[in-house]
Chemist: 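Below you will find the structure I want to go over with you.
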Protein chains: 2
Amino acid sequence: MSQDGNGVDLEKSLGYLLKEASSALRAAMEDVLRPLGMNVTRYSCLELLAQRPGLSNSDLARGVFVTRQSMNVLLQTLEREGLVTRPAEAPVGKALPTRLTPLGERSLEQASAAVRSVEIRMLSGMTEDEQSVAFRLLRSMVLSLRS
Amino acid sequence: MSQDGNGVDLEKSLGYLLKEASSALRAAMEDVLRPLGMNVTRYSCLELLAQRPGLSNSDLARGVFVTRQSMNVLLQTLEREGLVTRPAEAPVGKALPTRLTPLGERSLEQASAAVRSVEIRMLSGMTEDEQSVAFRLLRSMVLSLRS
DNA sequence: TGACTCATGTCAGCATACTGACATAACCTC
DNA sequence: GAGGTTATGTCAGTATGCTGACATGAGTCA
């Protein structure tokens, strides 16, 4: 299979490599989260909430990079499972500030440690300086794409 | 909304930034591909096929970062639309070598140009050296994650 | 005040990708 | 050659995320 051919463009494309890295990271995260009954989307939502309590559905959607409709069904699930709470009615506007329950915090703890270990592994071949450089360059890409 | 709080970990996390960059890239690609009646997955498949004719379904799946089942339904669609062809039976083993049709090649051309422009925009704020560094560091992350 | 714009939460329908499962072909090892 | 392992294509069912649409609340501006 894979009549490997000549060194093709994809092998030199930063875009493709970016996708590959992101994909590998996600897969690695799923692997460590699955045994904990968690997945990347749920973890991301809980982590975001732990760090910024009171975020609205739309805020969370933007932070997790899904639509607010998708986040809405996720929040309904998390609410039903008792991991998060939302007030019955909005204190202001329509936005419902979401918060972790104690159960949600406990559930997040293990997951957070597992994910941290993955990120450490990902960075294991890089010096601190290189990590800073990577951060700066990725940030530059994001900004350029937004414009 | 977004009671922005203190500088949280997510803002410093390379993993989160990697996801953000990948997400922004995908969104930008979708934006330029949509007017052409194309999407990222279809484009990726066609581009891979153009650069490595004869790849099997499973090969393509790995290259596009989806399961071979997903790639299979995509290939069936592309086949029905006349963009790719697969032999009725495998020349060896079970793998069916896939190839672009002339129609598929033409369909890919515009898309390829559009995507190239996005990648150029993404790299616009970086020097050639910085691009090399970014490539090397991303590659390091991928390798570390695989181990 | 009234009209306009924008952001939000949510419902419904659809598209896409995944997991599970099965049969089959090639390879390896004894 | 027999048996085990791996890779492949494909079917089926499920899960997840998206687009479209609507009503509502807040801010803006004439």
Side-chain angles (χ1 to χ4, degrees), chain A residues 1-4 19 22-23 26-31 33-35 37-45 49 54-81 84-99, chain B residues 1-4 19 22-23 26-31 33-35 37-45 49 54-81 84-99:
Chain A
M1 245 43 40
S2 325
Q3 50 187 82
D4 221 82
K19 170 68 179 171
S22 177
S23 182
R26 185 176 190 100
M29 286 175 67
E30 296 285 5
D31 285 345
L33 288 175
R34 193 172 309 114
M38 186 85 75
N39 65 40
V40 171
T41 310
R42 288 167 63 101
Y43 159 74
S44 302
C45 179
L49 271 179
L55 283 192
S56 70
N57 177 30
S58 291
D59 286 330
L60 289 167
R62 280 186 289 269
V64 177
F65 309 108
V66 296
T67 63
R68 63 188 199 279
Q69 293 90 330
S70 298
M71 181 53 67
N72 194 33
V73 318
L74 174 57
L75 281 183
Q76 285 171 359
T77 303
L78 293 175
E79 216 171 356
R80 188 169 353 106
E81 296 175 355
V84 308
T85 49
R86 285 191 290 181
E89 46 187 63
V92 53
K94 297 190 67 180
L96 301 173
T98 313
R99 291 182 180 280
Chain B
M1 244 47 38
S2 321
Q3 51 187 81
D4 220 83
K19 170 70 179 171
S22 176
S23 183
R26 184 177 191 100
M29 286 175 66
E30 296 284 6
D31 285 346
L33 289 175
R34 193 172 308 114
M38 187 84 76
N39 65 41
V40 171
T41 310
R42 287 168 63 100
Y43 159 75
S44 302
C45 178
L49 230 30
L55 283 193
S56 71
N57 176 31
S58 291
D59 286 331
L60 289 167
R62 278 186 289 269
V64 178
F65 308 108
V66 297
T67 62
R68 64 188 199 278
Q69 292 91 331
S70 299
M71 181 53 67
N72 195 31
V73 317
L74 175 57
L75 282 184
Q76 285 171 0
T77 304
L78 294 176
E79 216 170 357
R80 188 167 355 104
E81 295 174 356
V84 307
T85 48
R86 284 191 290 180
E89 46 187 62
V92 52
K94 296 189 67 178
L96 300 174
T98 312
R99 292 183 179 279

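Letters A, B, ... mirror the listed sequences (proteins, then strands); counts begin at 1.
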Chemist: Working to the nearest 0.5 angstrom, can you tell me the gap between Met29(B) CE and Thr41(B) OG1?
Modeler: 9.0 Å
Chemist: May I ask you to verify if any side-chain N or O of Ser58(B) is less than 4.0 angstrom from the OP1 or OP2 atom of dG9(D)?
Modeler: yes
Chemist: Find the distance Arg62(A):CZ to dG9(C):C1' and express it as a whole number of Å.
Modeler: 13 Å
Chemist: How bent is the helix from dT1(C)-dA30(D) to dC30(C)-dG1(D), measuring the angle between the end axes built from five pairs each, rounded to 10°?
Modeler: 40°
Chemist: What I want to check is whether an N or O donor and acceptor connect the side chain of Gln76(A) with the base of dG9(C) at under 3.5 Å.
Modeler: no
Chemist: Between P on dA7(D) and CG on Asp59(B), what's the gap in Å once rounded to a whole number?
Modeler: 12 Å
Chemist: Rounded to whole Å, how long is the line connecting atom CG of Asn57(B) with atom P of dC18(C)?
Modeler: 12 Å
Chemist: For Val40(A) and Leu33(A), what are the C-alpha separation, side-chain angles and deciding distance, and is it a side chain to side chain contact (heavy atoms under 4.5 Å, CB included)?
Modeler: CA-CA 7 Å; Val40(A) 171; Leu33(A) 288 175; 4.2 Å; yes
Chemist: Using the closest heavy atom to pick a nucleotide of DNA chain D for each, name whichever of Phe65(A) or Gly93(A) lands nearer the 5' end.
Modeler: Phe65(A)
Chemist: Would you tell me if any nitrogen or oxygen in the side chain of Arg86(B) comes within less than 4.0 Å of OP1 or OP2 on dT8(D)?
Modeler: no
Chemist: I need the Leu49(B) CG to Leu60(B) CG distance, nearest 0.5 Å.
Modeler: 5.5 Å
Chemist: Are any of Thr67(A)'s side-chain N or O atoms less than 4.0 Å away from OP1 or OP2 of dG17(D)?
Modeler: no
Chemist: Report the distance from atom CZ of Arg68(A) to atom P of dT24(D), rounded to the nearest whole Å.
Modeler: 16 Å
Chemist: Of the non-hydrogen atoms in Leu78(A) and Cys45(A), which two are nearest, and what is the gap between them?
Modeler: CD1-SG, 3.9 Å
Chemist: Does a nitrogen or oxygen in the side chain of Thr41(B) sit under 4.0 Å from OP1 or OP2 of dT16(C)?
Modeler: no
Chemist: For Leu75(A) and dT16(D), give me the distance from atom CG to atom C1', rounded to whole Å.
Modeler: 15 Å
Chemist: To check you understand the geometry: which heavy-atom pair defines the closest contact between Ser22(B) and Lys19(A), and what is its length?
Modeler: OG-CA, 4.4 Å
Chemist: Of the candidate nucleotides dG9(C), dA25(C), dA26(D), which contains the atom at the shortest distance from the side chain of Lys94(B)?
Modeler: dA25(C)
Chemist: Specify the separation, in whole Å, of atom CG of Leu74(A) and atom C1' of dA15(D).
Modeler: 13 Å
Chemist: Whole angstrom is fine here: how far is it from CE in Met71(B) over to C1' in dA15(C)?
Modeler: 16 Å
Chemist: Mind checking whether Thr98(A) and Glu79(A) have side chains closer than 4.5 Å, heavy atoms only?
Modeler: no
Chemist: Spell out yes or no: do the side chain of Gln69(B) and the base of dG20(C) have one donor N/O and one acceptor N/O closer than 3.5 Å?
Modeler: yes
Chemist: Given dT16(C), dA17(C), dT10(C), identify the nucleotide with an atom nearest to the side chain of Arg26(B).
Modeler: dA17(C)
Chemist: Output yes when at least one side-chain N/O atom of Asn72(A) is less than 4.0 Å from OP1 or OP2 of dT10(C), else no.
Modeler: yes
Chemist: Any side-chain N or O of Arg42(A) less than 4.0 Å from the OP1 or OP2 oxygen of dA15(D)?
Modeler: no
Chemist: Rounded to whole Å, please give me the gap between CD in Glu89(A) and P in dT8(C).
Modeler: 19 Å
Chemist: How long is the gap from CE on Met71(A) to CZ on Arg62(A), to the nearest 0.5 Å?
Modeler: 11.0 Å
Chemist: Between Leu74(A), Val66(A), Asn72(A), which is the residue that forms a side-chain contact (heavy atoms from CB on, under 4.5 Å) with Ser70(A)?
Modeler: Val66(A)
Chemist: For dT16(C) and Ser70(B) - does any side-chain N or O of the residue sit under 4.0 Å from the phosphate oxygens OP1/OP2?
Modeler: no
